[in-house]
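First the structure, in the form of structure tokens, and then the observations on it.
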Amino acid sequence: MQVLAVLKWILTFLFLGPICVLIIIWISCSPLWPLLALYMVWLVSDRKTPERGGRKSVWMSKWTIWKHFRDYFPVRLHKTAELDPQQNYILGYHPHGIMSIGAFCNFGTDSTEFSQLFPGLKTYLTTLAGNFKVPFYRDYLLAAGMCSVTHSSIDYLLSHHGTGNAVVIVVGGSAEALHCNRQSHILTLKNRKGFVKKALIHGSSLVPVYSFGENEVLHQCHFAVGSWKKSLQQMFQHWVGFAPCIFYGQGFFSSTSKGILPFRKPINTVVGKPIPLPRVQKPSEEQIQKYHALYVGSLLELFNTHKERFGLQKSDSLILL
């Protein structure tokens, strides 16, 4: 059941979008095209939902399949401090890894009992706006609790739902995915300051989150800088918004063979202490830099405090790009 749960998620991640496109093409050429036309009319009226809090299905987040998914690795969520439900938060998730498995399992489902560890908080896992452009696929993502990571979406989440909102942003994004390496810990963070600005504008607290093991569940094929393969990845990232990573895991029947199943490596997600920020309508660059530095310092402290507990060496350190 664990293998099937993970296989289902991997296939959904890789192929559901293209499959939805093929289904749309087929329906448009079939006698069922009026149904597609009605869906498209409805889609126009629903186009802003990804930027207006989404449409999370609590029922879907509690599917039993997610518990099998969790136990495959396993994925565990660790709390280091209380998060007051009378406040709003931006949770910076690190590292991106290949597929951000820990982010989805912990904040897109309730399989690791986030709602019990942090009662009164509602999570919003954000992803690229382009993921919501594909009909049908967008509805699956919305049901899974995902929202767009655009400026207007973050503003809405932090200002239209009262308090107790936890917006989860995978800060490094697709650029960080290209650096995913099980032997080093590289984060794209030095120039990622937009989330700090948003937190200041809305007076929301920043919370660093680090998933130990995220980079180890899938291995990436790295290409030499300057090679046509690397250039193609970078061009794709520039124009489309994400970079296609060539990766492999273990086989379906054997952990020693290569395949698309992730390796059974534990993912331990540690939620750090909140960093209170003042509400500043128009934060200056100095203010953004100040709280960005505080966030980076808190993240480094979180990593160094827990790294040996979760299998890393004392000499291991974060590399910030």
Side-chain angles (χ1 to χ4, degrees), residues 9 12-24 39-57 60-61 88-104 106-109 122-161 165-178 180 188-189 191-199 201-202 204 206 209 233-245:
W9 191 82
T12 298
F13 185 95
L14 294 176
F15 301 118
L16 184 58
I19 288 174
C20 287
V21 172
L22 294 176
I23 290 175
I24 291 169
Y39 172 80
M40 289 301 179
V41 171
W42 171 81
L43 192 62
V44 171
S45 65
D46 193 60
R47 66 187 184 280
K48 291 187 177 181
T49 298
E51 298 184 353
R52 295 295 181 269
R55 189 167 51 242
K56 185 174 184 177
S57 168
M60 182 175 173
S61 70
N88 285 330
Y89 302 90
I90 292 181
L91 275 62
Y93 182 89
H94 312 271
H96 183 286
I98 300 294
M99 293 185 176
S100 299
I101 290 173
F104 174 78
N106 287 299
F107 307 115
T109 79
K122 184 177 181 180
T123 58
Y124 298 90
L125 180 59
T126 58
T127 185
L128 291 172
N131 289 327
F132 298 98
K133 301 298 184 182
V134 181
F136 301 138
Y137 182 57
R138 70 184 289 279
D139 299 303
Y140 176 86
L141 295 180
L142 288 170
M146 297 188 189
C147 298
S148 173
V149 75
T150 59
H151 290 286
S152 60
S153 176
I154 303 301
D155 288 333
Y156 184 90
L157 293 172
L158 295 175
S159 61
H160 284 73
H161 288 281
N165 302 299
V167 181
V168 183
I169 301 177
V170 184
V171 178
S174 59
E176 191 172 276
L178 289 177
C180 178
T188 301
L189 182 57
N191 296 316
R192 299 292 174 108
K193 301 175 183 178
F195 71 106
V196 178
K197 183 177 181 180
K198 288 298 181 187
I201 291 174
H202 297 282
S204 302
L206 291 172
V209 179
Q233 280 184 318
Q234 294 171 336
M235 181 179 67
F236 201 91
Q237 179 187 347
H238 177 74
W239 289 105
V240 182
F242 67 92
C245 299

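Index from 1, following the sequence. Computed from a prediction, not measured in an experiment: that's the story for all the values here.
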Side chains of [X] and [Y], heavy atoms from C-beta outward: is any pair under 4.5 Å?
{"X": "Glu51", "Y": "Cys147", "result": "no"}
{"X": "Ser204", "Y": "Tyr89", "result": "no"}
{"X": "Asp46", "Y": "Arg138", "result": "yes"}
{"X": "Ser148", "Y": "Thr126", "result": "no"}
{"X": "Ile101", "Y": "Trp9", "result": "yes"}
{"X": "His94", "Y": "Val209", "result": "no"}

Do you know the tightest heavy-atom contact between [X] and [Y]?
{"X": "Cys20", "Y": "Val134", "answer": "CB-CG1, 4.0 Å"}
{"X": "Thr188", "Y": "Glu176", "answer": "N-OE1, 2.8 Å"}
{"X": "Arg55", "Y": "Trp42", "answer": "NH2-CH2, 3.6 Å"}
{"X": "Met40", "Y": "Pro135", "answer": "CE-CG, 3.9 Å"}
{"X": "Gly53", "Y": "Leu157", "answer": "CA-CD2, 3.5 Å"}
{"X": "Phe195", "Y": "Arg192", "answer": "CE2-O, 3.0 Å"}

_Test side chain to side chain contact (heavy atoms under 4.5 Å, CB included) applied to Ile90 and Leu158, step by step_ = CA-CA 9 Å; Ile90 292 181; Leu158 295 175; 3.9 Å; yes
How long is the gap from [atom1] on [X] to [atom2] on [Y], to the nearest 0.5 Å?
{"X": "Ser57", "Y": "Tyr140", "atom1": "OG", "atom2": "OH", "value": "11.0 Å"}
{"X": "Met146", "Y": "Lys56", "atom1": "CE", "atom2": "NZ", "value": "10.0 Å"}
{"X": "Leu141", "Y": "Thr12", "atom1": "CG", "atom2": "OG1", "value": "10.0 Å"}
{"X": "Ser159", "Y": "Ile201", "atom1": "OG", "atom2": "CD1", "value": "10.5 Å"}

Is the side chain of [X] donor-acceptor paired with the backbone N or O of [Y] at a distance under 3.5 Å, no angle test?
{"X": "Tyr93", "Y": "Ala103", "value": "yes"}
{"X": "Asn106", "Y": "Gly102", "value": "yes"}
{"X": "Ser100", "Y": "His96", "value": "yes"}
{"X": "Ser153", "Y": "Thr150", "value": "no"}

*Classify the side-chain pair Asn131/Thr127 by whether it contains a donor and acceptor separated by less than 3.5 Å.*
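Checked: Asn131/Thr127 side chains pair up, N/O donor to acceptor below 3.5 Å.
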*Would you please say whether a donor-acceptor pair under 3.5 Å links the side chains of Asp155 and Ser152?*
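Checked: Asp155/Ser152 side chains show no N/O donor-acceptor pair below 3.5 Å.
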In a table with atom names and distances, give each donor-acceptor pair under 3.5 Å that connects a side chain of residues 165-172 to protein atoms at least two apart or in another chain.
unit_1: Asn165; atom_1: ND2; unit_2: Asn88; atom_2: OD1; d: 3.1
unit_1: Asn165; atom_1: ND2; unit_2: His161; atom_2: O; d: 3.3
unit_1: Asn165; atom_1: ND2; unit_2: Gly162; atom_2: O; d: 3.1

*Start with the C-alpha gap between Phe104 and Phe13, add the side-chain angles, then the distance that decides, and say whether side chain to side chain contact (heavy atoms under 4.5 Å, CB included) holds.*
CA-CA 11 Å; Phe104 174 78; Phe13 185 95; over 6 Å; no
*Hey, is NZ on Lys198 packed in by over 12 heavy atoms from elsewhere, all under 6.0 Å?*
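Enclosed: over 12 neighbouring heavy atoms sit under 6.0 Å from NZ of Lys198.
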*Could I get the full list of side chain to side chain donor-acceptor pair (under 3.5 Å) partners for Thr123, not counting sequence neighbours?*
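Listed in chain order: nothing, the list is empty.
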*Please report the C-alpha distance between Thr109 and Met60 in whole Å, then the side-chain angles of each, then the deciding distance to 0.1 Å, and finally whether the side chain to side chain contact (heavy atoms under 4.5 Å, CB included) criterion is met.*
CA-CA 8 Å; Thr109 79; Met60 182 175 173; over 6 Å; no
*Compute the ring centroids of Tyr39 and Phe136, then answer whether they are less than 6.0 Å apart.*
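Distance test on ring centres: under 6.0 Å, yes.
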*Would Arg47 and Lys133 satisfy side chain to side chain contact (heavy atoms under 4.5 Å, CB included), going step by step from the backbone distance to the final call?*
CA-CA 9 Å; Arg47 66 187 184 280; Lys133 301 298 184 182; over 6 Å; no
*Sequence neighbours left out, what passes side-chain contact (heavy atoms from CB on, under 4.5 Å) with Met235? Give chain and number order.*
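With sequence neighbours excluded, Met235 shows a side-chain contact (heavy atoms from CB on, under 4.5 Å) to Leu232, Trp239, given in chain and number order.
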